[in-house]
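What follows is a set of notes on a single structure, which appears directly below.
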Amino acid sequence: MTLLDGKLLSEQIKAELAAEVEQIKLQGGKIPHLAAIIVGENPASQVYVSSKIRSCEQVGFKSSLVRCEAATTQEELLAIVQKLNNDPDVDGFIVQLPLPKHIDEEAVTLAIDPKKDVDGFHPVNFGRMAQGLPAFLPATPMGILEILRRYNIETSGKHCVVLGRSNIVGTPISILLSRKGYPGDCTVTLTHSRTKDLPAEVRRADILVAAIGIPEFVKADWVKEGAVVIDVGINRIPDESKKSGTRIAGDVDFEGVAPHCSFITPVPGGVGLMTVAALMMNTLKACKGEIYGK
Ligand code: GUN
């Protein structure tokens, strides 16, 4: 069993990006600039956004953080989105999800200029992705592709089972892995809460992507010998042996499943760090006009 080391890969990717930013600086080009909007005090969102801003600093990008109080209205948030859409110095920006209940996430996502949508959440980017056109890919699926690519994991003709049909992970990764080319050419089964006999479906997987948000859901006897397991879960669960009283668990029972795998991502230290690395890659692409031109 080989651990798919998201920490190592994300550091490699950030070193590559930092080297490119150095070249851009030497040539007097524009420094990539990522902005992030966070609304309210969701503790997990605070951690994710801080990690994105810290990564910008590590690679030499400019970053801006727009903090909004939880009572911010939808109109106020849409006005901030418009301001970032129109700011020529901002190459890309994200609105951290989830948003407070009184704000319509769909309306906010639709307001983001697709050319600056480095999260790849706008339907224009999603549709382009689905058709295999150049697009900003959503960061978590893109991070997963990067793991497969950088560990040279064979995907052609493999049976991939995806657990969970969210717009930001399950649905896009199922499309991306069924697309032509590498990493892709998989036969994909997308499973969800109405799937009958989930363990039987999961047992057919050569590549399993677990993105269901239930801690340690996938058990050892669900996983075929030699499978590649990608665990997208980041769940906080009680653990009295920890000083904080909690620990982070994935969607896979790692202890039980790992001995059966050829490759598996740890949690933490797997997909989560790759999500941030992929966002940095998208920000550089936005700055260079790689998807939509300058
Ligand atoms: N919430 C959970 N994952 C993400 C993500 O990738 N981007 C944003 N903006 N919000 C999220």
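Remember, it's 1-based here, ligands and their atoms both numbered in the order they're listed.
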Practice item. Using non-hydrogen atoms of the residue, decide whether F121 is closer than 4.0 angstrom to ligand 1. Key: yes

Check your understanding: Between R247 and D239, is there a side-chain N and carboxylate O pair less than 4.0 Å apart?
Key -> yes

Check your understanding: L177, V169: one ILVMFWY side-chain cluster at the under-4.5 Å cut-off?
Key -> yes

Review point. Any nitrogen or oxygen of V95, main chain or side chain, under 3.5 Å from a nitrogen or oxygen of ligand 1?
Key: yes

Check your understanding: So which bit of E105 gets within less than 4.0 Å of ligand 1, heavy atoms only: side chain, backbone, both or neither?
Key -> neither

Review point. Any idea which protein heavy atom is nearest atom 4 (C) of ligand 1, and the distance to it?
Key: Q96 NE2, 4.0 Å

Exercise for review: For atom 3 (N) of ligand 1, find the nearest protein heavy atom and state the residue, atom name and distance (0.1 Å precision).
Suggested key: I168 CD1, 3.8 Å

Practice item. Report the part of L279 (side chain from C-beta onward, or backbone N, CA, C, O) that has a heavy atom under 4.0 Å from ligand 1; answer both or neither where that applies. Key: neither

Review point. Charged N to carboxylate O below 4.0 Å: is that the case for E16 and R150?
Key: yes

Check your understanding: Is it true that M142 lies under 4.0 Å from ligand 1, counting heavy atoms only?
Key -> no

Check your understanding: Should the proximity of D119 to ligand 1, defined as any heavy atom under 4.0 Å, be assigned to the side chain, the backbone, both, or neither?
Key -> side chain

Check your understanding: Between D87 and D89, is there a donor-acceptor pair closer than 3.5 Å when you use the side chain of the first and the backbone of the second?
Key -> yes

Practice item. Using the rule that two of Ile, Leu, Val, Met, Phe, Trp, Tyr join whenever any of their side-chain heavy atoms come within less than 4.5 Å, decide whether I147 and V209 are in one cluster. Key: yes

Review point. How would you list, by chain and number, every residue that makes a ring-ring contact (aromatic ring centres under 6.0 Å, His included) with F254, sequence neighbours excluded?
Key: none

Study note, to complete from the structure: The protein heavy atom nearest to atom 1 (N) of ligand 1 is L97 O, 3.0 Å

